[in-house]
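As the structure is a computational prediction, the values presented were derived from the model and not from experiment. Letters A, B, ... mirror the listed sequences (proteins, then strands); counts begin at 1.
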Amino acid sequence: MKRKQVYTLLVILCAVGFYLFETYYQPPAVKEAQEEGEVPKETTNSFFLPSSTTGQVIHHNYFSLSYSEPHEQAEWVAYELKKKHLSNNNFKRPYFEVDQAVRTKAAHWRNYKNSGYDRGHLCPAGDRSFSREAFEETFITSNISPQMHDFNSGIWNRLEQKVRYWAQRYDGVYVVTGGILEDRLHSIGEEEVSIPKYFYKVLLDNSGGRTKMIAFLLPHAASDRPLYEFVVSVDSIEKRTGIDFFPQLEDGKEARLEAKSDYKEWSFQ
DNA sequence: CTGGACTTC
DNA sequence: GAAGTCCAG
């Protein structure tokens, strides 16, 4: 074999090795947790996890997420919100930590400092306040997105409270939420954390032997409009994000539910 | 509830 | 960096 061929072979082997590593390697802590069947622990039924367009799904104890390295935030965060999760605990808010489970290195919270944008939770702290451990787990940088304060404390907060109301009423909704991650978004910080122009929330209620869905697409801006004006079909969000939200449902049922954009089965009080 | 910023050690 | 205090939507 000539020297040139040897080099070519080495390069190919390295490329294949890197590909395999990128595809299958997981940090030991995460891998062990999965093998022990703790994933996701009690709260998120993996049966209803969305697909990932980034190939980096991470299961934390109380929610799961799919991290987008180019946008330095999650493309979705998913969890189940049960009636028993609702509580009025008033834990002290801890400091944010970089999510060590993100192998491509999650964004640092300093990107948000003095940026003018909130560290907006995707899985709200208020949805995980049934224990201090769960509450504090939401304070990781893979669970936040830059949000304008008037949006975060306004209509987005109203939507999160509505989800808690539905969790109370229907006992158990699956929640998937994130920003619409597109090309050429503006960003903040040295690591260039993308600022989404829209945020979405997709809900599935599987209680009472029936399955129903609802989805919201909110422009990233303050609004006093009623929430039902932002209801869209799950299909339309799948089209914009490339995410398949409920691939585990039987195909016919999935197609029927995801095409709907009415909200008559969801009480807006 | 959703958050930030400032002072002090 | 951590803790306390004060602030706004």
If the sugar-phosphate is the primed atoms plus P, OP1 and OP2 and the base is the rest, what is the B/S/- string for nucleotides 3-9 of chain B, using protein heavy atoms under 4.0 Å? SSS----
Taking only distance into account, with no hydrogens and no angle test, what donor-acceptor pairs under 3.5 Å do side-chain atoms of residues 218-233 of chain A form with protein atoms, sequence neighbours excluded?
unit_1   : atom_1 : unit_2   : atom_2 : d
A:His220 : ND1    : A:Pro196 : O      : 2.8
A:His220 : NE2    : A:Met148 : N      : 2.8
A:Ser223 : OG     : A:Arg225 : N      : 3.0
A:Arg225 : NE     : A:Glu229 : OE1    : 3.0
A:Arg225 : NH2    : A:Glu229 : OE1    : 3.3
A:Arg225 : NH2    : A:Glu229 : OE2    : 2.9
A:Ser233 : OG     : A:Ser236 : N      : 3.1

Exercise answer: donor-acceptor pairs, residues 179-195 of chain A side-chain atoms, under 3.5 Å, sequence neighbours excluded:
unit_1   : atom_1 : unit_2   : atom_2 : d
A:Glu191 : OE1    : A:His108 : N      : 2.7
A:Glu191 : OE1    : A:Asn111 : ND2    : 2.6
A:Ser194 : OG     : A:His71  : ND1    : 2.7

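Residue-level contact check: A:Gly154 touches neither bases nor backbone, having no heavy atom under 4.0 Å from any strand. Within the 4.0 angstrom heavy-atom criterion, only backbone atoms of the sugar-phosphate kind lie near A:Asn90; the bases stay farther away.
Within the structure, every pair that satisfies the salt bridge (charged side-chain N to carboxylate O under 4.0 Å, His left out) test and touches residues 256-268 of chain A, not counting sequence neighbours, is listed here: A:Arg210-A:Glu265, A:Lys260-A:Glu265, A:Asp262-A:Lys264.
No more than 12 heavy-atom neighbours from other residues, nucleotides or ligands sit within 6.0 angstrom of NZ on A:Lys197.
Between the CD atom of A:Gln161 and the C1' atom of B:dC1 there is a distance of 5 Å, given to the nearest Å.
For A:Phe139 and A:His121, the distance between ring centers is under 6.0 angstrom. Ring to ring, A:Tyr165 and A:Trp266 are not that close: their centroids are 6.0 angstrom or more apart.
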Polar atom pairs between nucleotides 3-6 of chain C and protein, under 3.5 Å, N or O only, would you list them?
unit_1 : atom_1 : unit_2  : atom_2 : d
C:dA3  : N7     : A:Tyr95 : OH     : 3.1

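Scanning for salt bridge (charged side-chain N to carboxylate O under 4.0 Å, His left out) contacts around A:Lys212 gives A:Asp205, with sequence neighbours left out.
The closest side-chain donor-acceptor pair between A:Asn89 and A:Ser129, if any, does not fall under 3.5 angstrom.
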